[in-house]
Amino acid sequence: MASENVSTAAPDDSKHGFSRPEMYKENLAGTVDAYDRHVFVCYKKHEVWPPRVEASESDPLPKLLATTVKSRKNDMTIKTKITICEAREEAGFLDGDVLIFPGMIKYRGLTESNIDSFVEDVMVNGKPWSAGVQEEIAGSHVFVCAHGSRDVRCGVCGPVLIEKFNREIELRGLKDQVFVWACSHVGGHKYAGNVIIYSPGLDGKIMGHWYGYVTPNDVPEFLDQHIAKGEVIRHLWRGQMGPSVEEVKGTDDQKVPNGELTDKGKNENVGGCCQGANGVSCCMTANFEKNKGIGETTEAHKKQGHQSSWSGPLFEERNVRIAVGVFGILAAATVAYKIYRRSG
């Protein structure tokens, strides 16, 4: 689905918004560092976050958490990302509430005085927090970078996307199933709008997928395809929680389950396999460039030392040759038999 310029963006859209010149200039896949756990801390509103909220003297909670986690980094066996998200009192998420993915866990009441026990119990030892009550969260959670003080592009794109998501969610009657959050810097300002979606795949497993260059025109597809059907939108895909890009399965011109990829004909560098007709496996390799033809793609595969187990036209030509050979043998046998009968 091609993204288009929209009239709902901020006045400086042409410079910092969805129609800025840098949109769609780079491949997105592989722009997310590997990680296996994402911790979000609810804290104030995105409009008041300083550029580096995790290092701000006036914001002791996120700063102390960041400092403590950094000091215990070598003690953690699970690679973890920490991000600030907006507190939403109307939805029951207050300052100091913590969300953990893929565990779908919520803790209330993180403060400067109990950060050490939280990091020790939950993040280092992987146990329930002794000082907090563990709650389960459900549904799909969409995080949109709206950290405008850190980068104006996120400040322009983020709020517009959040508004669009909430409007489309309400139209579909999904307010109790899909939740949208403003979040702080996640890396890759130049890819704004940046969106992270934590939602269950077809097997019920929680997946975390990152997207870039997202515009309001893409929002319906995220709700109707990614969240409703578990289909990842390939041309906007940056990466995911867990496996690296090379380990993610994908397919060209097909819709595939969550955890795999959907090709929209855009530039990407994602590899993977699909299950073709009659059980034929068609594995494709990485680094497909925009507007490359079949010949160029095949040549790229050769350079990378990979092969496709579905050889297309070559497979058909080989079948033709085999058929011609078999027909020739049968014809020769028939003639020989007729000569034998006559001689007899």
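All values below were derived from every heavy atom in this structure, side-chain atoms included, with hydrogens, water molecules and symmetry-related copies excluded.
The backbone N or O of R20 lies less than 3.5 Å from no partner atom in the side chain of S14, so there is not a single donor-acceptor pair. Between the side chain of D218 and the backbone N or O of T215, at least one donor-acceptor pair lies under 3.5 Å. In this structure, the side chain of R238 engages the main chain of T31 through a donor-acceptor pair within 3.5 Å. For the pair N27 (side chain) and A29 (backbone), a donor-acceptor distance under 3.5 Å is absent. Under the 3.5 Å distance criterion, the side-chain polar atoms of D121 are matched with a main-chain donor or acceptor of S130.
Contact annotation: the side chain of P216 approaches that of F18 to within less than 4.5 Å [non-hydrogen atoms, C-beta and beyond]. The shortest distance between side-chain heavy atoms of K63 and E54 does not fall below 4.5 Å. Two residues are said to be in side-chain contact when any heavy atoms from C-beta on lie closer than 4.5 Å; V156 and V152 meet this criterion. At a threshold of 4.5 Å between non-hydrogen side-chain atoms, the residues K127 and E120 do not count as touching. At least one side-chain heavy atom of D224 sits less than 4.5 Å from a side-chain heavy atom of R172. Side chains of I137 and I105 form no contact here, defined as non-hydrogen atoms less than 4.5 Å apart. For the pair V32/V186, no side-chain contact is recorded, criterion being any heavy-atom separation below 4.5 Å from C-beta on. Put simply, the side chain of M123 reaches to within 4.5 Å of the side chain of R37, judged on heavy atoms.
If you chain together hydrophobic residues whose side chains sit under 4.5 Å apart, V122 and I206 never meet in one group. Under the 4.5 Å side-chain heavy-atom criterion for Ile, Leu, Val, Met, Phe, Trp and Tyr, F143 and I100 are members of distinct hydrophobic clusters. Cluster membership check: V98 does not share its hydrophobic cluster with F93, using side-chain heavy-atom separations under 4.5 Å among Ile, Leu, Val, Met, Phe, Trp and Tyr. In the hydrophobic cluster analysis, where Ile, Leu, Val, Met, Phe, Trp and Tyr join through side-chain heavy atoms closer than 4.5 angstrom, V41 is grouped apart from W181. Neither W49 nor V160 shares a network with the other; the hydrophobic side chains, linked directly or stepwise wherever heavy atoms of I, L, V, M, F, W or Y lie under 4.5 Å apart, form separate groups for each.
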* Asked: Is there a salt bridge (Lys or Arg N to Asp or Glu O under 4.0 Å) between D33 and K79 once you walk through the steps?
  -> CA-CA 10 Å; D33 295 335; K79 184 171 285 189; over 6 Å; no
* To do: Output, in order, the C-alpha distance, side-chain angles, deciding distance and verdict of side-chain contact (heavy atoms from CB on, under 4.5 Å) for D95 and L61.
  => CA-CA 9 Å; D95 280 0; L61 178 61; 5.7 Å; no
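When the options V119, V69, T80 are evaluated for a side chain to side chain contact (heavy atoms under 4.5 Å, CB included) with V39, the one that passes is T80. Screening M207, Q177, H141, H226 against S199 for a side chain to side chain contact (heavy atoms under 4.5 Å, CB included) leaves a single residue, H226. Residue Y191 is tested with Y213, W210, W237 for a ring-ring contact (aromatic ring centres under 6.0 Å, His included); the sole match is Y213. Here the rule is side chain to side chain contact (heavy atoms under 4.5 Å, CB included) with I197, and of L223, V232, V178, V142 only V142 fits it.
Considering all non-hydrogen atoms of both residues, D97 and L94 come closest at OD2-N, 2.8 Å. G187 and N194 get closest at one heavy-atom pair: O-ND2, 4.2 Å. Of all heavy-atom pairs between H185 and C145, the closest is CA-SG, 4.0 Å. Nearest approach of H189 to C154, heavy atoms of both residues: ND1-SG, 3.7 Å. The shortest non-hydrogen separation linking D75 to V124 is O-CG1, 3.6 Å. Residues S113 and T111 come closest through the heavy atom pair OG-OG1, 2.9 Å.
The number of heavy atoms from other shown groups lying within 6.0 Å of NZ (K45) is above 12.
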Would you mind writing out the side-chain donor-acceptor pairs for residues 82-89 within the sub-3.5 Å range, not counting sequence neighbours?
{"residue": "T83", "atom": "OG1", "partner": "H38", "partner atom": "NE2", "Å": "2.7"}
{"residue": "E86", "atom": "OE2", "partner": "H46", "partner atom": "N", "Å": "2.9"}
{"residue": "R88", "atom": "NH1", "partner": "V180", "partner atom": "O", "Å": "3.2"}

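For the pair K81 and Y35, the cation-pi criterion (under 6.0 Å, within 45° of the ring axis) is fulfilled.
Taking the six-membered ring for Trp and the full ring otherwise, the centers of Y24 and H235 sit at least 6.0 Å from each other. Under the 6.0 Å cut-off for aromatic ring centres, Y211 and F222 qualify, their centroids lying closer than that.
Screening residues 134-155 for salt bridge (Lys or Arg N to Asp or Glu O under 4.0 Å) gives E22-R153, R108-E135, D151-R153 as the qualifying pairs, with residues at least two apart or on separate chains.
Side-chain contact, N114 with S117: no donor N or O sits under 3.5 Å from an acceptor N or O. In this structure, a donor-acceptor pair under 3.5 Å is absent between the side chains of Y198 and H209.
Salt-bridge formation is detected for the pair E26/K190: a Lys NZ or Arg NE/NH1/NH2 atom is positioned less than 4.0 Å from an Asp or Glu carboxylate oxygen.
Residue I115 holds its CD1 atom at 5.5 Å from OG1 of T68, rounded to the nearest 0.5 Å.
Between Y107 and W129, the two ring planes are perpendicular [angle over 60°; tilted spans 30° to 60°].
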